[in-house]
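Worksheet for the structure shown next.
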Amino acid sequence: MTTKRPPTLLEKMGLNTPMALALHLPARYEDETELYTVEEALDLGKFNSIQTQGTVIRNQVLFRPRRQMLVTIEDDTATLQLRFLNFYPSQQKQMAVGSHIRVRGEVREGYLGAEMVHPTVRVVTSDLSLPTSLTPVYPASAGVSQASIRKAVNQALQDTSLKDSLAEFLPAKLMAELLPANDWPQLQDAITYLHQPPAEADTHALLERTHPAWRRVQFEELLAQQISLKRAHTIRRQRLAPSFKSKGTSGLEKGLLKALPFLLTDAQKRVWAEIGQDLSQTFPMNRLLQGDVGSGKTVIAALAAARVMDYGFQAAIMAPTEILAEQHYLKMKEWFEPLGIAVAWLSGSLKAKEKRLAQKVIESGEAQLIIGTHALIQDKVSFAKLGLAVIDEQHRFGVRQRLEIQQRVGSELFYCHQMMMSATPIPRTLAMTYYADLDVSVIDALPPGRKPITTKVVKATRRDEVIGGLYDWLTKGLQAYWVCPLIEESEVLQLQTAVESFEQLTLALPNFKVGLVHGRLKSEEKAAVMAAFKANEIQLLVATTVIEVGVDVPNAALMVIEHAERFGYSQIHQLRGRVGRGSADSVCILMYAEPLSLAAKERLQTLRETSDGFVIAERDLSLRGPGELLGAKQSGDAMLRFVDLQRDAWLIELAQHAAELLLDKHSDLVERHLERWLGSRTEFLKA
Ligand code: ADP
Ligand code: MG
């Protein structure tokens with residue numbers, strides 16, 4: 001029997017093999033290769049970490065204002081004070097009067113003159129030479145010292161197994177093209193260089209990760225990713241899905257088109273042709289339908305559902321919030337029930353009995369079109385014959401959840417078609433790299449008759465004026481939204497502010513009916529408020545961010561957003577998309593409170609100047625990084641560790657080309673490369 005010892009802190013960080021350690025690359029470096037005199041240090045160390053050394057001439061422990069140790073060192077040129085707020089007896093001994101110590105830190109103007117607070121300290125012994133390479137600083141979790149990681153990495157770099165793990169095995173001809181052209185080192189050299197760059201290395205390029213050694217590593221990582229993407233693509237085409245060809249004029253699809261109160265725009269016709277084509281294939285569709293807020297994605301989902309139901313298969317539409325799912329449910333009922341289709345509803349807030357009933361009709365196949373929230377995958381739902389799953393606002397779902405719905409088809413014989421919808425444009429580089437083999441259709445024009453939205457940015461101190469304007473607005477017979485501040489820390493506090501605004505506005509606008517909707521309402525209550533707003537029984541709707549997506553009331557063309565500075569780009573863009581749907585000129589008022597951070601200021605300004613979803617998404621991307629945009633953050637695992645898709649976009653094409661070569665001509669190398677770079681993380685590529 002083997003006894004299992006608890007994992008070390010390093011192992012908990014996943015650093016349990018020489019290879020893992022070798023790929024644990026530094027976040028930055030410290031330059032300990034240079035030593036300055038104390039006088040130089042006083043001068044040069046103002047904003048930089050600097051290294052100097054001297055003899056301790058004083059060491060005192062103070063007890064006021066708190067326990068601390070003050071140490072003064074001296075060399076031929078000057079003296080310098082060191083301050084330690086936490087210290088051990090061993091350090092007191094190490095820095096006893098008369099010792100020679102080397103210290104490194106920033107110099108600050110302290111209470112008693114220039115000082116270093118908590119410098120790193122080493123005792124100068126005869127064999128303490130200056131290092132010849134930069135000192136790496138590694139990403140570390142709490143409690144793990146840099147010294148222990150450095151030691152482990154150094155050992156790993158000398159491990160004989162590493163030579164194999166980092167062996168150069170990509171086709172020699174390819175490497176002969178790539179290495180000299182880009183000034184790339186061999187892989188093992190690149191890794192060693194990044195851990196131990198020489199003193200004269202270009203630290204800027206190292207920090208920015210644009211150094212050829214970084215490039216080499218990034219290329220390898222991207223290559224692994226591109227191989228996985230291409231493989232996922234091949235695998236999908238080998239899977240079986242029911243083929244749904246258009247039934248022409250006899251189908252439900254035509255029935256729906258005839259019953260719609262509008263004609264499809266050209267953009268909608270084009271994407272529907274693409275999606276219809278996918279549905280007629282014998283392998284599963286995996287397509288993202290992308291279109292700005294209000295561009296009319298829902299009807300495309302309905303058409304796809306109609307096509308599938310024409311063949312006796314079920315279709316499911318899943319949305320991230322109850323309100324959004326409910327809007328879909330109401331719309332689908334309105335469109336499909338007259339055509340004789342049974343539409344079912346499943347959400348987490350249903351009573352147990354209703355839920356069981358819903359599950360029963362889904363399982364029996366009695367329900368043909370099923371609309372719901374996460375409940376569709378969370379609860380024990382099995383579909384009789386699911387032909388199509390539509391996922392709205394896909395970025396709100398985690399990768400795992402998206403995988404999950406594919407596994408709910410209720411048949412081992414075939415996969416269902418999958419379509420995702422998003423108002424958040426995904427830049428091409430991301431679509432190319434993050435999603436496994438995803439086809440993208442874009443609705444690039446809004447339905448006719450949309451009015452541009454005027455966005456105003458107003459200080460919160462002018463709230464009374466805003467309410468005055470609101471009064472005039474409502475007097476014209478129009479409706480409006482009042483969106484309450486987002487308080488991420490506390491849902492209770494958020495609710496409280498919403499109730500306060502609601503009460504204040506009810507008092508200020510006695511001639512009008514004011515409604516309130518928030519996340520804590522039961523779904524029937526929410527539905528009742530929304531229905532009353534839609535019927536103009538409520539003129540002003542006070543809401544928390546629950547209305548972020550999906551609400552559709554054309555007569556409500558004014559939106560006030562309180563504390564707009566707390567919202568992100570896409571949240572405001574989504575919110576604002578609720579107005580501008582009717583014939584009235586639309587206005588969005590972004591109220592902000594001072595002080596305004598620079599980022600918030602820029603955000604509000606951009607939002608005032610443009611309502612172009614692409615421009616906004618780009619700003620958002622540069623701010624938040626791709627993981628969050630795509631929902632990868634929710635999955636808790638990022639696919640790419642070393643590559644930044646914006647910074648390194650040019651590498652993608654090189655990697656794509658190399659991936660094709662490997663898959664075509666060197667299939668024996670494919671597994672080896674994937675294993676090296678992705679290990680267990682390949683599953684994320686399937687989503
Ligand atoms: P989103 O893409 O944001 O989900 P919706 O599907 O909710 O947008 O559509 C927004 C509104 O536009 C809805 O009221 C919908 O009925 C309407 N709509 C969709 N397509 C058209 C069209 N071709 N002509 C006129 N109105 C349309
Ligand atoms: Mg929508």
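Just follow the structure's listing: the first ligand is 1, and inside any ligand the first atom is 1. Along the sequence shown, residues are numbered consecutively beginning with 1. Quick caveat, the model's predicted, so the values are computed rather than measured.
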### Query
Would you say ligand 1 has an N or O under 3.5 Å from any N or O of W335?
no
### Query
Has ligand 1 got any nitrogen or oxygen that is less than 3.5 angstrom from a nitrogen or oxygen of V293?
no
### Message
My understanding is that only residues two or more places apart in sequence, or in another chain, count here; which of them pass side chain to side chain contact (heavy atoms under 4.5 Å, CB included) with A557?
### Response
W473, A584, S586
### Query
So is I300 close enough to ligand 1, meaning a heavy atom under 4.0 angstrom away?
no
### Task
Just let me know how Q268 lines up against ligand 1, side chain, backbone, both or neither, with a heavy-atom cut-off below 4.0 Å.
side chain
Which donor-acceptor pairs under 3.5 Å do side chains of residues 333-342 form with protein atoms, sequence neighbours excluded?
none

### Query
Under 4.0 Å from ligand 1, counting heavy atoms only, is it the side chain of L263, its backbone, both or neither?
backbone
### Query
Below 4.0 Å from any atom of ligand 1, is there a heavy atom belonging to G291?
no
#### Entry: Nitrogen or oxygen atoms of F262 and ligand 1 under 3.5 Å apart
no
### Query
Is it true that a side-chain atom of T610 and a backbone atom of L607 form a donor plus acceptor pair closer than 3.5 Å?
no
### Task
Check whether any side-chain heavy atom of Y471 lies under 4.5 Å from a side-chain heavy atom of F512, and answer yes or no.
yes
### Query
Is it true that G294 lies under 4.0 Å from ligand 1, counting heavy atoms only?
yes
### Task
Below 4.0 angstrom from a heavy atom of T265, which ligand 1 atoms are there? Numbered from 1 as shown, please.
23 (N)
### Partner of I371 by side-chain contact (heavy atoms from CB on, under 4.5 Å), out of D392, L376, V343, L346
V343
### Query
Which of the atoms in ligand 1, numbered in the order shown and given with their element, are less than 4.0 Å from a heavy-atom of T298?
4 (O), 5 (P), 6 (O), 7 (O)
### Message
For a quick test of reading the model, state the closest non-hydrogen atom pair linking G387 to F244 and the distance between them.
### Response
O-CE1, 4.0 Å
### Under 3.5 Å side-chain donor-acceptor pair for S501 and E562
yes
